[in-house]
Amino acid sequence: MYFWVATICILTVFGFTGLSPKSAWAAPADQGKKAILVVSFGTTYEDTRKMTIEAVESKIRTEFPDYEVRRAFSSHKIIKVLKERDGIDVDTPEQALKRLKDDGYTTVAVQTLDVIPGVEYDYINRVVQKYKTEGAFKQIVMGRSLLYYMGQEDKPDDFKTVLHAFKTQLPASLKKDEAILVMAHGTPHPANAYYTVLQAKISQLGWKNVFVYTVEGTPMLEDVIPQLKANRIKKVTLVPFMLVAGDHANNDMAGSDKESHKSQLMEAGFKVETYLHGLGENTAIQDVYVNHLKEAMKTLQ
């Protein structure tokens, strides 16, 4: 009897979040006004925005009902296009945090929807650190990008977690002459090395004929084509490894222009199929972002 009374008391005080990963996050009651700012690069494609960015935001609202959830884009160019073309106003990270401060929020958690901790991640982190240094909020924390830790020491392996989720988007099986080309963004930032790690983790998991390449980094498509030929591949499926299936996926990857990846591969003699769905549509990937946010918020008092 004492056990059940004590258990009920504990659950009453701390909530039921420890019993199920799907339970809503219960924040301490003394944090004042609480908000979550979800920051992505953004997209000008409305359909994919709804299925990816808005889907993640919706899941975060469900998981954190005690928090105000707001949006910011890190791409000023996309913000400008949406304003001029569609009359849609989206804040930059600086504007969004200033708005939260002016609205009296004292506890803020920022969750980036970046895939790797590259240029955009660094930009968001600098803004967050500025607000932290200035003491603009009682507490402010930031959740890590989709890929961050690699399983070193006591850290989780974000790569394997994400790849297991990503696998649900891939064909169930491949013939010996078939391959999957995973198109990542790429960057001049040192974090481009994450794509090398991604390829290594794919090999560790025993995935055959799955190759990573980038649009704006390394390796490029031209680096992968010789590997396809060496493995006697005849058919490839192009799959974007990006939050949204936006301009890079629709034009650079799957466009009809002769410079598109699809056209280049067809010119090289391969049969090509394309998969136009962003990572953000994957509910398991959405869960990874939510879990990264939960881990960051463990430091809140």
Side-chain angles (χ1 to χ4, degrees), residues 36-61 63 69-79 81-82 88 90-93 96 110-125 142-148 158-159 161-170 181-187 189 191-192 194-195 197-198 212-217 238-254 261 274-293 296:
I36 294 171
L37 178 62
V38 183
V39 187
S40 64
F41 183 78
T43 180
T44 59
Y45 285 70
E46 181 180 6
D47 289 344
T48 192
R49 183 174 69 244
K50 291 179 177 179
M51 293 186 291
T52 57
I53 296 170
E54 292 184 15
V56 178
E57 292 169 347
S58 178
K59 179 162 285 191
I60 287 174
R61 284 191 180 89
E63 290 285 341
V69 178
R70 296 188 182 181
R71 170 190 300 170
F73 287 171
S74 60
S75 172
H76 294 210
K77 181 178 179 180
I78 288 176
I79 291 173
V81 170
L82 291 176
I88 296 175
V90 181
D91 284 340
T92 64
V110 178
Q111 179 57 48
T112 170
L113 301 189
D114 290 317
V115 174
I116 64 170
V119 174
E120 299 300 319
Y121 180 91
D122 281 355
Y123 159 43
I124 299 164
N125 188 48
M142 178 171 164
R144 67 185 186 271
S145 55
L146 189 68
L147 298 177
Y148 195 90
D158 293 335
F159 288 79
T161 298
V162 169
L163 283 171
H164 283 305
F166 182 56
K167 192 173 185 179
T168 63
Q169 299 176 228
L170 305 181
L181 293 188
V182 179
M183 183 192 71
H185 192 281
T187 174
H189 190 282
N192 190 89
Y194 270 60
Y195 301 122
V197 177
L198 184 64
V212 178
Y213 76 99
T214 69
V215 182
E216 299 180 4
L238 295 169
V239 182
F241 195 77
M242 301 177 180
L243 178 71
V244 303
D247 185 62
H248 285 309
N250 284 276
N251 296 316
D252 294 321
M253 186 186 83
H261 306 158
T274 57
Y275 178 90
L276 290 173
H277 298 278
L279 291 172
E281 296 182 44
N282 187 327
T283 57
I285 294 292
Q286 295 170 13
D287 289 338
V288 175
Y289 283 118
V290 171
N291 288 333
H292 287 186
L293 177 57

Participant: Can you name the residues that form a ring pair (Phe, Tyr, Trp, His ring centres under 6.0 Å) with Tyr195, not counting sequence neighbours?
Facilitator: none
Participant: Assess the residue pair Val212 and Phe241 against the criterion (side-chain contact (heavy atoms from CB on, under 4.5 Å)); give the C-alpha distance rounded to whole Å, side-chain angles, the decisive distance to 0.1 Å, and a yes or no.
Facilitator: CA-CA 9 Å; Val212 178; Phe241 195 77; over 6 Å; no
Participant: Would you mind reporting whether Met183 and Val215 have side-chain heavy atoms less than 4.5 Å apart?
Facilitator: yes
Participant: Minimum heavy-atom separation for Asp91 to Ile79, with atom names?
Facilitator: O-CD1, 3.7 Å
Participant: Is any side-chain heavy atom of Gln169 less than 4.5 Å from a side-chain heavy atom of Leu279?
Facilitator: yes
Participant: Determine yes or no for a side-chain-to-main-chain donor-acceptor pair under 3.5 angstrom, with Arg71 supplying the side chain and Val90 the backbone.
Facilitator: no
Participant: Do Asn282 side-chain atoms and Ala165 backbone N/O form a donor-acceptor pair below 3.5 Å?
Facilitator: yes
Participant: Is the backbone N or O of Ala245 less than 3.5 Å from a side-chain atom of Asn250, with the two atoms forming a donor-acceptor pair by type?
Facilitator: yes
Participant: From Ile36 CD1 over to Gln111 CD, what is the distance, rounded to the nearest 0.5 angstrom?
Facilitator: 9.0 Å
Participant: Among all residues two or more places apart in sequence or in another chain, which pass the side chain to side chain contact (heavy atoms under 4.5 Å, CB included) test with Ser40?
Facilitator: Ile53, Phe73, Leu113, Leu243
Participant: Do His185 and Val115 come within less than 4.5 Å of each other through their side chains, counting heavy atoms only?
Facilitator: no
Participant: Go through the structure and list residues passing side chain to side chain contact (heavy atoms under 4.5 Å, CB included) with Thr44, not counting sequence neighbours.
Facilitator: Ile78, Val81, Arg85
Participant: Can you check whether Thr92 reaches Tyr123 side chain to side chain, under 4.5 Å on heavy atoms?
Facilitator: yes
Participant: NZ/Lys50 to OG1/Thr43 distance, rounded to the nearest 0.5 angstrom?
Facilitator: 12.5 Å
Participant: To the nearest 0.5 Å, what is the distance between OG1 on Thr48 and NE2 on His277?
Facilitator: 9.5 Å
Participant: Please say which of Val239, Leu146, Thr161 ends up in a side-chain contact (heavy atoms from CB on, under 4.5 Å) with Phe166.
Facilitator: Val239
Participant: Heavy atoms only: give me the nearest Tyr213-Leu238 pair and the separation to one decimal.
Facilitator: OH-CD2, 3.7 Å
Participant: Roughly how far, to the nearest 0.5 Å, is CE of Met51 from CD of Glu46?
Facilitator: 10.5 Å
Participant: For a 4.5 angstrom cut-off between non-hydrogen side-chain atoms, does Arg49 reach Leu82?
Facilitator: yes
Participant: For a side chain to side chain donor-acceptor pair (under 3.5 Å) with Arg144, tell me which candidate from Thr112, Asp114, Asp158 qualifies.
Facilitator: Asp158
Participant: Between Gln286 and Gly280, which heavy-atom pair has the shortest distance, and what is it?
Facilitator: NE2-O, 2.8 Å
Participant: Could you tell me whether the side chain of Glu216 and the main chain of Ala184 form a donor-acceptor pair under 3.5 Å?
Facilitator: no
Participant: Measuring only between side-chain heavy atoms, which start at C-beta, is Leu276 closer than 4.5 Å to Met253?
Facilitator: yes
Participant: Looking only at non-hydrogen atoms, find the nearest pair between Thr214 and Gly217 and report the distance.
Facilitator: OG1-C, 2.8 Å
Participant: Using every non-hydrogen atom in the two residues, find where Pro117 and Ala191 come nearest and quote the distance to one decimal.
Facilitator: O-CB, 3.4 Å
Participant: Look at the side chain of Glu57 and the backbone N and O of Arg70, then say whether any donor-acceptor pair between them is shorter than 3.5 Å.
Facilitator: no
Participant: Evaluate the criterion ring pair (Phe, Tyr, Trp, His ring centres under 6.0 Å) for residue pair His189 and Tyr121; output intermediate values, then yes/no.
Facilitator: CA-CA 11 Å; His189 190 282; Tyr121 180 91; 9.0 Å; no
Participant: For a 4.5 angstrom cut-off between non-hydrogen side-chain atoms, does His261 reach Thr274?
Facilitator: no
Participant: Passes side-chain hydrogen bond (donor to acceptor under 3.5 Å, both in side chains), His292 versus Tyr148? Steps please.
Facilitator: CA-CA 10 Å; His292 287 186; Tyr148 195 90; over 6 Å; no
Participant: Would you say that more than 12 heavy atoms from the other residues, nucleotides or ligands in this model lie under 6.0 Å from the NZ of Lys167, or not?
Facilitator: no
Participant: Is it true that a side-chain atom of Asn192 and a backbone atom of Thr187 form a donor plus acceptor pair closer than 3.5 Å?
Facilitator: yes
